[in-house]
Amino acid sequence: MITEKPSVARAVSQVLEASGKRNGYLEGNGWLVSWCVGHLVELAPADAYDPRYSKWNYDDLPIIPVEWQYRVLPDTKKQFDLLRTLMGRDDVDTVVCATDAGREGELIFRLVYEMCGCAKPVKRLWISSMEEPAIRRGFERLPDSAGYDSLYAAALCRAKADWLVGINGTRLFSTLYNGRTLNVGRVLTPTLALLVEREAAISSFKKEKFYTVELNLRGFQASSERIKSKTEAEKLRKACLGTSATVRLVDRKERTERSPALYDLTTLQREANRLLGYTAQQTLDYLQSLYEKRLATYPRTDSRYLTDDMEETARTLAPVAARICGVQPVGSVTAAQVCDSGKVTDHHALIPTRSAANAELDSLPTGEREILRLVALGLVRAVSSPYQYAETVVTVECGGHCFTARGRTVGSIGWRAYAAPPKCTVLPELTEGQRLEGGDAVLKLGAVSPPARFTEDTLLAAMERAGAEDFAALESVERRGLGTPATRAATIEKLVRSGFVVREGRQLIPTRQGIDLIRVMPGQLKSARLTAQWEERLGAVERGELAPEEFMDGIAGLVRGLVQTYSHVTVASAALSQSGRAVVGRCPRCGKNVVEGKKSFFCEGYYDTPPCGFALWKNSRFFADKRKELTKKIAAGLLKNGRVPMTGLFSEKKGIFYDATVVMVDNGGKYVRYELEFDQRKGAK
């Protein structure tokens, strides 16, 4: 049996009674249990197909492999070799795939299995919880792996398509703009576009003031509609001051607010960011650790319901969840409302496990403890009764204008007992036609707020909703929006690492480079429409309705068209063409920027094909012998004028200090030479 991680292997091996520890695996009761440590095999890099691809050149694009190659990751080769040995043993007759149940888990196992050249029968363990009963149920039915061939085909198509778009798109725009690496991706680029579009909306926002008049009546306040003119608003205020008002309408409606569904990964990440300030990646990491400790169910889920056969599980776990999050148990548990098999995809919603009832919560790291409590609170709310209240809207007339007041009274608190208390304004008993004695009238100034910058909470929501119209038009597409719950956190982190987005507090703000990159991107790469189209076709591959080759032909055509479209583009963005380093001057060989690095001041075209190769090395022996450093100021002077006057140069031969002009002599070689010129009138000091 091959799992995805060692912790899962240990949990499974206990059920199989295969507890004998070996080097890299467990053994016993006729079983060998080992693990993959995530991805062991991946698609080979571009230079595996041709050494010239190690350099990025526009003329080499598009790179579209005919026969795809794979490689074993160097850091995990030892574990790969062990798996190959174990699968090849004569006493092994069957292999069980126990990697995570989903596209990615299927891909991880299949690439290892095929790279090892194994041909033994394969069974599939498909579970969503690491608790012993769930594992045992999974072993009661171990279907043949052939039933998941289409899932693997879809996963491999997705990986190859992302490789093609990422490799070609990134190289295309990086070579066109001759500077920093410009990461391009099917999910990465549209996500950046969301941030850039929001920033543009904020920048173009024009603040608009408005005024309202508020009547202070007996026991409540009523407000007018928004008025643009202060003069008109003041006129209304004076007309209402001390004037009686008449109740024209009392509209009371009974409302019911159902309890929220259970958490999937994205809704949990949003809530953890909003309430606790955790990034999406931190929440996923904490949740993964809880899963491996058997305290929470499978983290990378996009479902918010349990299967129909888990109703009793939900009912049993409700008091456990209440203890975990320190609240009073739910009075009347309505577990049926959280169970709907039709709304469960690969995995059911996030819930704590039975094992969590006996866990020492205080011994958990703070992040894990807080996330477990949040998951538990989600279950408590979900199985609670609805929140019921009465909402009243009152319209009063005064000074020839209508004023509105809203009130709310709670009937049954329900699930809201475990959430922030609802805001309730209680209105007095009023009847239509009732006259109210005149009171004070106050002029209030307001302003329309600009769009708010994204936080991880709101960005995750936007990623989930992105391309809603495109997805709505597609049938049988389960994964909607940009990315999946499992990949959205990594997408945000990559944007930050790439320098296209910065974090300021909880806000995510695109940088100048990020904004300029989106400006030059073609519409098809920065729109969620591409993802919608992919998901529709990948779903068809997964269902066996579309051949993988046909899907890949479409991706290859997209990449070829992209490269051809940008064949005559001209650089229009200084922010993109720069490397992001401080510019010292112009290269005397090719005219590009010379920037400061750790060891030298070098041309941005240093590694171009053909390479420029110009650099002023900081550890130059010429300056060291004279007890001087090649500073940024000196380098700038040499690049601008070819020479720099310097004082206090030391002569080893004579043991004296002197003044002279350092002249740069560049003959196009690897190293630049320097010469000295003296002012004959002053002589050496």
Side-chain angles (χ1 to χ4, degrees), residues 198-258 260 274-275 386-455 457-458 461 505-507:
R198 177 61 58 87
E199 197 66 19
I202 294 171
S203 299
S204 62
F205 178 80
K206 293 181 180 180
K207 189 173 182 180
E208 293 183 7
K209 294 180 180 179
F210 63 85
Y211 301 87
T212 57
V213 176
E214 186 175 278
L215 301 181
N216 291 320
L217 302 169
R218 190 188 310 173
F220 70 103
Q221 288 80 38
S223 296
S224 71
E225 73 283 0
R226 293 179 178 182
I227 304 170
K228 290 186 177 181
S229 168
K230 183 178 181 180
T231 303
E232 291 297 319
E234 178 63 21
K235 183 178 177 181
L236 175 60
R237 187 190 74 82
K238 289 179 179 179
C240 295
L241 194 61
T243 305
S244 62
T246 303
V247 178
R248 294 300 183 196
L249 178 68
V250 178
D251 183 14
R252 177 186 172 91
K253 292 182 179 178
E254 299 293 331
R255 306 279 190 188
T256 298
E257 198 174 287
R258 294 183 59 187
R274 185 175 62 84
L275 298 178
Y387 164 53
Q388 296 175 330
Y389 62 96
E391 186 175 65
T392 304
V393 179
V394 175
T395 302
V396 300
E397 184 182 342
C398 184
H401 281 70
C402 289
F403 296 77
T404 303
R406 297 179 184 275
R408 177 182 292 191
T409 54
V410 177
S412 174
I413 191 67
W415 69 269
R416 282 282 188 180
Y418 307 107
K423 186 178 180 180
C424 293
T425 301
V426 180
L427 296 176
E429 288 294 329
L430 299 167
T431 58
E432 293 178 4
Q434 180 179 349
R435 292 183 64 83
L436 305 171
E437 293 299 324
D440 195 11
V442 180
L443 187 67
K444 299 229 168 181
L445 172 65
V448 179
S449 300
R453 284 197 169 103
F454 279 115
T455 62
D457 167 20
T458 55
R506 295 190 185 183
Q507 293 182 334

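Side-chain atoms are counted along with the backbone in the values below, which use heavy atoms only and exclude waters and symmetry mates.
Residue pairs meeting the salt bridge (Lys or Arg N to Asp or Glu O under 4.0 Å) criterion with at least one member in residues 229-244, sequence neighbours excluded: E234-R237. Every pair tested for ring-ring contact (aromatic ring centres under 6.0 Å, His included) that includes a residue from residues 202-234 fails, sequence neighbours excluded, so the list is empty.
Heavy atoms only, all atoms of each residue included: G399 and L236 are closest at O-CD1, 4.2 Å. Residue C402 comes nearest to E225 through the heavy atom pair O-OE1, 3.8 Å, listed as atom of the first residue, atom of the second, then distance. Here the closest non-hydrogen pair linking C240 and F403 is SG-CZ, 3.7 Å. Closest approach of R453 to I202, counting heavy atoms only: CG-CD1, 3.4 Å. The shortest non-hydrogen separation linking L215 to C398 is CD1-CB, 3.8 Å. Contact detail for P386 and R258: the closest heavy-atom pair is CB-CA, 4.3 Å.
Between the NZ atom in K209 and the CD1 atom in I227 there is a gap of 16.0 Å [rounded to 0.5 Å]. Between the CG atom of L436 and the OG1 atom of T243 there is a distance of 12.5 Å, given to the nearest 0.5 Å. Of the inter-residue distances, the one linking E254 atom CD with E391 atom CD reads 10.5 Å to the nearest 0.5 angstrom. Interatomic distance, E429 CD to Q434 CD, rounded to the nearest 0.5 Å: 9.5 Å. Taking CD of E432 as the start and OG1 of T395 as the end, the distance is 9.0 Å to the nearest 0.5 Å. T212 OG1 to L443 CG: the interatomic distance, rounded to the nearest 0.5 Å, is 7.5 Å.
Between R435 and S244, the side chains place a donor N or O and an acceptor N or O closer than 3.5 Å (distance only, hydrogens not considered).
Residues meeting the ring pair (Phe, Tyr, Trp, His ring centres under 6.0 Å) test with Y418, sequence neighbours left out: none. Listed by chain and number, the residues in a side chain to side chain contact (heavy atoms under 4.5 Å, CB included) with E437 are R218 (sequence neighbours excluded). E397 pairs by the side chain to side chain contact (heavy atoms under 4.5 Å, CB included) definition with R248, not counting sequence neighbours. Annotation: side chain to side chain contact (heavy atoms under 4.5 Å, CB included) contacts of S223 (sequence neighbours excluded): E214.
Under a cut-off of 6.0 angstrom, the local environment of CZ in R255 is crowded, with over 12 non-hydrogen atoms contributed by other residues, nucleotides or ligands.
Taking 4.5 Å as the limit, some side-chain heavy atom of L241 sits within range of a side-chain heavy atom of D440. Side-chain contact check for V250 versus T431: every heavy-atom pair is 4.5 Å or farther apart. Side chains of P422 and Y389 form no contact here, defined as non-hydrogen atoms less than 4.5 Å apart.
Using a distance-only test at 3.5 Å, with no hydrogens or angles considered, no donor-acceptor pair links the side chain of R416 to the main chain of P421. With hydrogens and angles disregarded, no donor-acceptor distance shorter than 3.5 Å links the side chain of T458 to the backbone of F454. Although no hydrogens or angles enter the test, the distance criterion places a donor-acceptor pair under 3.5 Å between the side chain of R506 and the main chain of R274. Of the possible polar contacts, one joining the S224 side chain to the V213 backbone as a donor-acceptor pair under 3.5 Å is found.
For the side-chain contact (heavy atoms from CB on, under 4.5 Å) criterion with R406, the lone passing option out of T392, D251, V393 is V393.
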task: For the pair R252 and T409, evaluate side-chain contact (heavy atoms from CB on, under 4.5 Å) and give the outcome as yes or no after the intermediate values.
output: CA-CA 10 Å; R252 177 186 172 91; T409 54; 4.0 Å; yes

